[in-house]
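Just so it is clear, the model here is predicted, and its values are computed rather than measured. Just so you know, ligand 1 is whichever comes first in the structure, and atom 1 is the first atom listed for that ligand.
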Amino acid sequence: MKRYEALAHEISQSILDGVLLPGDRLPSVRQASSSREVSPSTVFQAYYLLEAQGLIVARERSGYYVAASARQLPPEPETMSLPDQDSVQPDTSERVFEVLETTMTRDVVPLGSAFPSPLLFPMKRLARMMSVSVQNLDPWSSVDDLTPGNARLRRQIALRYLIDGLHIHTDDIVVTNGALEALNLCLMAVTRPGDAVLVESPTFYAALQSIERNGLRAIEVPTHPREGIDLAAMERALERYQPAACWLMTNFQNPLGSLMSDEKKQALVKLLARYQVPLIEDDVYGELYFGDRRPTPAKAFDTEGLVMHCSSFSKCLAPGYRVGWTAPGRFARAVARHKLTTTLTTSAPVQGALALYLEKGGYDRHLRQLRQALAAQQVVFMEAVARHFPQGTRVTRPKGGYFLWLELPDGVDALRVHKHALSQGISVAPGPIFSAQPAFGNCLRLNYGHLWDARVEAALATLGRIVAGEMTRQTMQP
Ligand SMILES: Cc1ncc(COP(=O)(O)O)c(C=O)c1O
């Protein structure tokens, strides 16, 4: 983030948290510039940005004030998600497919979608790289780029790890068809049917589907909406179930948006190393941070090669190109073998195009714009939830990514809300698809990665009315 963006974000957070209230006067540009040790133009830019977001207003010859409409937001969900549970063989795939099918059409307002707006990505520049890649394709690339993948692309990925302080050798990276394939291959490499796998609760539904497909058992570990998985509960589960793997997200977890601190990541890696349990780390949203640096993956604390780091370009650069990767530590050979016997390799021209894009530069500029757009969208969405949803609704405040997790007032049935919303042309992701247990029945995941316009505002207003209607129905039941 640029300085003025960081300043604007800090102030917007204070407004959203209720530290700054509607009508409060912001420090003058001169005061803010001297107290924060930034130039007056940085403060001006930050204030202009906040004004454009509708969070502050300028009063002539008097300065800037928190806007009357910038109300305090609904409270965050505070509690850990679930008590300790038994292991289960997930049976959620059908339900997930039913819900997801409904989001795969352009006609609905895609609040339930897992993807941000395609308009946020440099599609034209990528298309040029694709064209150059195809025209200059070395006929031998069909051999050279076989798994573990295009060496230039793997080198660029290794360089990005290096920027973030991780020393990952090019040879230890396996290119895959998106992060989902990376995650699946890692799971296959370290488990056998019947094994137990630790996951968060709630968790990314594809983890449950993958566990189901491989004949494994899921152990859902309670997870805090801000701080991530509960390590004490995880230790109890390690003792009790002797799991073969742990699959989780340390940065901007889907669906909660939780972010583990570095200390917690270090403790997590140490704990799993004590039990010699491999960690499959899903880090697809790590680049979409709103703070001043990329949050470290748990992989950074791994000294035994037990962490299998998985990510992709799908959420931050090239949706639809289906290029991801894994740095699976001591399991690199096993993962590459599984890839060779399943999908063999990843498309050579597409690997070449992404390698070229990364070599030419511009990725970081694109990421800065994307993060700024998402951070601004989050504020506007939260404001709209505050305006339109009934009292008793709780909302997370993620520090990155593009999902909000809503806890609706007790008794509201998220699956009924999903059905009703769909009949009005709006998709949402209901809580029950994120667990193999009968849990999160009153929760929703909302995607704020689509550009704000009157249609989205109207959709949130409708959704708020549907939730309020569900509350009334609930109280009228005998
Ligand atoms: C948490 C999480 N992991 C992995 C994926 C899959 O990523 P990719 O599209 O790169 O396969 C997704 C996509 O929705 C996701 O939300």
Regarding K299 and T250, is there a side-chain donor-to-acceptor distance under 3.5 Å anywhere?
no

Check each protein residue for a heavy atom under 4.0 Å from ligand 1 and list those that pass, ordered by chain and number.
A114, G178, A179, L180, L183, F204, M249, N254, D282, V284, Y285, S312, S314, K315, R322

In short, S427 meets S113 closest at the heavy-atom pair OG-N, 4.1 Å

Do Y161 and I173 come within less than 4.5 Å of each other through their side chains, counting heavy atoms only?
yes

Grab the two heavy atoms, one from R154 and one from G149, that are nearest each other, plus how far apart they are.
NE-O, 3.0 Å

Would you call the rings of Y448 and F381 parallel, tilted or perpendicular, where under 30° means parallel and over 60° means perpendicular?
tilted

Using the test ring pair (Phe, Tyr, Trp, His ring centres under 6.0 Å), find all partners of F434 that sit at least two apart in sequence or belong to another chain.
Y205, W405

